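Data block below; observations after.
The chains referred to below are lettered A, B, ... by the order of the sequence lines, with proteins before strands, and numbering in each begins at 1. Predicted model, so just to flag it, every value in this text is computed and none were measured.
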Amino acid sequence: MLQVNYIRENKEQVLERLSVKNFNQLELVDEIILLDDQRKSTQSQADDLLAKGNSAAKQIGELMRNGKKDEAEQLKSQTSQSKEDVKQLQENLAAIELELYQKLVQLPNLPHASVPLGKTPEENEVVLQNGEKPNLPSSALPHWELAAKYNIIDFELGVKIAGAGFPVYKGKGAKMQRALINFFLAEAEKAGYDEMMVPLLVNEASGFGTGQLPDKEGQMYHVGIDNLYLIPTAEVPVTNLYRDVILKEEELPIKNCGYTPCFRREAGSYGAHVRGLNRLHQFDKVEIVQIVHPDQSYEILEQMSLHVQSLLQKLGLQYRVLRLCGGDMGFTSALTYDMEVYSAAQERWLEVSSVSNFETFQSNRLKLRFKGKEGKTQLPHTLNGSALALPRILASILENNQTENGIKVPACLVPFTGFDFID
RNA sequence: GGAGAGAUGUCAGAGUGGUCGAAUGAGCCAGCUUGGAAAGCUGGUGUACUGGCAACGGUACCGAGGGUUCGAAUCCCUCUUUCUCCGCCA
């Protein structure tokens, strides 16, 4: 959520930045400023009346103590009249604040100056490409066929017990999952992230805090009886740990990581491109989150990007890094890098990580602040990234490392798997 | 799931209708003291909105939301949550 005062003071710039994100309801900006004016004047009217009421109440107390009942009664009847006015003003104020909030949450975050113009994923900027494309024989199989051939993932069994998009990992397949999770967590720990193991179901307030609610309600699984949501990413519980928190400046940066399963309804996406592990309702992911001083957030975004890249390098996967264009970026992000690995048998790039700087967009909504050295509270910047999401990584490992007789396990995983070959 | 008791500032902990944004103690910060430190003494020490160049004001907030009242931390209702006991159970 953007700050009203910022919008007010930088209106032209806000409009220009919003248009980079292909946001077209620019009239919202004026409406917000107008509502904020109304909010201020209504509140100050109410405050004035309340101040009068408070001093009258004090006088009445004074009179009662001195036994001047008649005068007190007279004052009582006077003040009881203005109560209705105060009530009316406060109702107006609440309505104005609600409308202001509803408009404010419709504005996406402002893109950073380096964000390229564009509307579609094709207009994302390829920042770098790294690694070798594997030389596969013409008989190379896509990962879903390899999974069946070596009996490591059973999609049909998942359909039986849950539905499409809920695979069952078997034997060495299951061990590969555990190995990847542990490898990613170990690397995150080496990079200074503190691990958090968090609830997989969250309440409404948390969904609002990170911005999944109300907009993306349809993307989350909802447990109606308890009004809880299954998390679509660890970002939700981990970031909400810091909701309504005032940190000390010396506590920054906060670096957390966490492994969780992630649940996404993915309503409306079916077809060949979501086959196998390409898109699931439940998948595993290690997430990294940082809360940092505003002066450092872009430097830290680069560090996080390098951390993710180091994982891909150790796994020996060919990858590329994209700087997302205005039209392809998420609602809450100011700058996002997507990491894609090459899936050699499918002959396409698969997104395996997304690293973003949200600047103050999340912290404002979360009421996450820090107290600076000069004693002033201000909003820190928040960042997060996948490091990494498992299914497409596994898909690429299976496809890219396939041989006639089986699949080679990347060396960095062997200490975690206990085997180096799947056959 | 049943019964009971709580939820107050950074923490501990008073406060049961008016002088309470809130005693007291601890912590923390600053000053005094000291060669330096400890102890001691003095002062300061919440958040948000808002007026003001500022000094300094106004309003709201004592788990959350409603209600009673001229006036609510204090009374009433609902919810959340913690603890104790019973029951159940990985």
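The strand RNA chain B forms stems, runs of 3 or more Watson-Crick or G-U wobble pairs with distances below 3.5 Å, at B:1-7 with B:80-86, B:10-12 with B:24-26, B:27-32 with B:40-45, B:46-51 with B:56-61, B:63-67 with B:75-79.
Identified under the side-chain hydrogen bond (donor to acceptor under 3.5 Å, both in side chains) test for residues 40-63 of chain A, with sequence neighbours left out: none. Among pairs with a residue in residues 379-392 of chain A, those fulfilling side-chain hydrogen bond (donor to acceptor under 3.5 Å, both in side chains) read A:Glu235-A:Asn384, A:Ser297-A:His381, A:Gln362-A:Thr382, at least two apart in sequence or across chains. Residue pairs satisfying the side-chain hydrogen bond (donor to acceptor under 3.5 Å, both in side chains) criterion with at least one member in residues 181-192 of chain A, sequence neighbours excluded, are listed as follows: A:Glu187-A:Lys190, A:Glu187-A:Lys314. For residues 5-41 of chain A, the set of pairs meeting the ring-ring contact (aromatic ring centres under 6.0 Å, His included) definition, not counting sequence neighbours, is empty.
Taking every heavy atom of residues 84-95 of chain A and every atom of RNA chain B, no pair lies under 4.0 Å. Against RNA chain B, the stretch residues 50-57 of chain A makes heavy-atom approaches under 4.0 Å through A:Leu50, A:Ala51, A:Asn54, A:Ala57.
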Counting only pairs under 3.5 Å, give me each side-chain donor-acceptor contact of residues 411-423 of chain A, with atom names and distances, residues two or more places apart or in other chains.
| from | atom 1 | to | atom 2 | distance (Å) |
| --- | --- | --- | --- | --- |
| A:Thr417 | OG1 | A:Leu413 | O | 3.4 |
| A:Thr417 | OG1 | A:Val414 | O | 3.3 |
| A:Thr417 | OG1 | A:Phe419 | N | 3.2 |
| A:Thr417 | OG1 | A:Phe419 | O | 2.6 |

Compile the donor-acceptor pairs under 3.5 Å between side chains in residues 321-328 of chain A and protein atoms, sequence neighbours left out, one pair per line.
| from | atom 1 | to | atom 2 | distance (Å) |
| --- | --- | --- | --- | --- |
| A:Arg323 | NH1 | A:Glu125 | OE1 | 3.2 |
| A:Arg323 | NH1 | A:Glu125 | OE2 | 3.2 |
| A:Arg323 | NH2 | A:Tyr337 | OH | 3.4 |
| A:Asp328 | OD2 | A:Asn124 | ND2 | 3.0 |

All N/O donor-acceptor pairs, side-chain side in residues 155-163 of chain A, below 3.5 Å, sequence neighbours left out:
none

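Residues that satisfy the salt bridge (charged side-chain N to carboxylate O under 4.0 Å, His left out) test with A:Lys103, not counting sequence neighbours, are A:Glu31.
Along RNA chain B, the stretch of nucleotides lying under 4.0 Å from any heavy atom of chain A spans, 5' to 3', B:rG18 to B:rG71.
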